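The model shown is predicted, which means the values in this text are computed figures rather than measured ones.
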Amino acid sequence: MMLTADRFALLRRPRWAGAFALAALVVVSIGLVDKPLTLWLHANISQTDYGFWRSVSKIGEAGVWYILAVGMLAASEVRRRIAWTLDGAAEQLRRVRAWGFMVLSMLLSGALIHVVKFTTGRIRPEDMLNTDTPLYGFYPFSGEQSFPSGHSQAIFSAMVALGVLFPRHRWWFLGIATLVAFSRVATYQHFLSDIIAGSAIGALVTLALARKFSRKASLRLGKEV
């Protein structure tokens with residue numbers, strides 16, 4: 001009985017329970033939701049709505065957020081080097097760490113995403129919607145890259161990182177991330193389970209790094225409330 005209890009002790013930890021819940025949600029979505037939802041959206045989204053979601057989707061391009069984070073990191077490093085006081089230099093060093101945290105979060109979660117993409121080889125929704133060659137499913141190591149969503153990973157990693165740095169605006173950041181992730185489904189680039197998995201990987205990797213970085217010094221740059 002003790003051994004059995006120990007086996008399930010892991011599930012009682014909040015972070016692991018959340019991870020298992022997300023994994024279960026992905027599995028349910030793959031089996032029951034992905035295909036009918038994509039077909040419904042394809043039949044009901046107008047050209048105007050499609051254009052709107054295409055525009056929203058562009059916000060999730062990783063390059064935009066890398067430029068922001070690397071630019072702020074570089075600017076903070078320059079200010080650190082020319083600071084006239086030790087306190088000023090220390091503050092800029094703290095900012096270098098904070099923006100470095102954001103860059104590292106996006107890099108690590110992005111690398112993990114590409115490993116999973118290559119391994120699973122999932123067909124994209126637009127291929128399923130092609131009436132000439134309607135394909136659906138997973139073809140491991142085939143080069144197909146629908147699962148998980150890289151856009152969702154990038155935007156959630158960036159927005160969660162910004163939420164850590166500027167907690168006062170964290171709900172706005174999460175709202176932006178959610179809209180961008182959904183835009184990938186609304187434009188038939190990904191299935192629902194793709195964006196759930198991509199968003200989860202981006203957010204969880206970023207939060208794990210935030211916990212490690214915060215052990216030495218606070219990452220917060222803005223006001224708490």
Contact list for residues 65-90, test salt bridge (charged side-chain N to carboxylate O under 4.0 Å, His left out), sequence neighbours left out: Glu77-Arg80, Glu77-Arg81

Lys117 (side chain) donor-acceptor with Glu144 (main chain) under 3.5 angstrom: no

Sidechain N-carboxylate O distance under 4.0 Å for Lys58, Glu61: no

Contact summary for Ala186 and Ile45, nearest pair of heavy atoms: O-CD1, 3.5 Å

Closest heavy-atom pair and its distance - Phe156, Ala181: CE1-CB, 4.0 Å

hydrophobic_cluster_shared for Val27 and Ile201, side chain cutoff 4.5 Å: no

Any donor-acceptor N or O pair under 3.5 Å, side chains Thr187, Ser57: no

Minimal non-hydrogen separation, Ser142 against Gly121, with atom names: OG-O, 3.6 Å

Transitive ILVMFWY side-chain link Trp171 to Leu219, under 4.5 Å: yes

Cluster check Leu93, Val78: I/L/V/M/F/W/Y, side chain < 4.5 angstrom: no

Test side chain to side chain contact (heavy atoms under 4.5 Å, CB included) applied to Leu174 and Val160, step by step: CA-CA 7 Å; Leu174 288 176; Val160 170; 4.1 Å; yes

Arg95 CZ to Leu165 CG distance, which is reported to the nearest 0.5 Å: 9.5 Å

CG-CG distance between Leu112 and Leu107, expressed to the nearest 0.5 angstrom: 12.5 Å

Any donor-acceptor N/O pair, Ser157 side chain to Gln153 backbone, under 3.5 Å: no

Point-to-point distance, once rounded to the nearest 0.5 Å, from CG of Leu221 to CG of Leu162: 9.5 Å

Criterion side-chain contact (heavy atoms from CB on, under 4.5 Å) against Phe147, the qualifying member of Ile195, Asp194, Ile123: Asp194

Taking every non-hydrogen atom, the tightest pair across Gly198 and Ile113: CA-CD1, 3.9 Å

Ser29 side chain vs Val26 backbone, donor-acceptor pair below 3.5 Å: no

Minimum heavy-atom distance Val116-Pro148, with the two atoms named: CG1-CD, 3.5 Å

Where Gln189 and Ser146 come nearest, the two heavy atoms and their spacing: O-OG, 4.0 Å

Separation of Ile155 CD1 from Leu179 CG (nearest 0.5 Å): 10.0 Å

Passing option when Ser46 is tested against Asp49, Thr48, Asn44 for side-chain hydrogen bond (donor to acceptor under 3.5 Å, both in side chains): Asp49

Check: Val164 and Arg220 side chains under 4.5 Å, non-hydrogen atoms: no

Of all pairs that satisfy ring-ring contact (aromatic ring centres under 6.0 Å, His included), the ones with a partner from residues 174-200, not counting sequence neighbours: His42-Tyr188, Tyr50-Tyr188, Trp53-Phe182, Tyr136-Phe191

ring-ring contact (aromatic ring centres under 6.0 Å, His included): pairs with one or both residues in residues 90-127, sequence neighbours excluded: Phe101-Phe213, Phe118-Phe141

Cluster overlap Ile196 with Leu41, hydrophobic side-chain contacts below 4.5 Å: yes

Short side-chain to backbone donor-acceptor contact, Trp65 and Ile59, under 3.5 Å: yes

Rounded distance [0.5 Å steps], CE in Met159 versus OG1 in Thr178: 11.0 Å

Euclidean distance, Thr85 OG1 relative to Glu91 CD, rounded to 0.5 Å: 10.0 Å

Charged N-O contact under 4.0 Å between Arg122 and Asp34: yes

same_hphob_cluster(Phe173, Ile67) at 4.5 Å side-chain heavy-atom cutoff: no

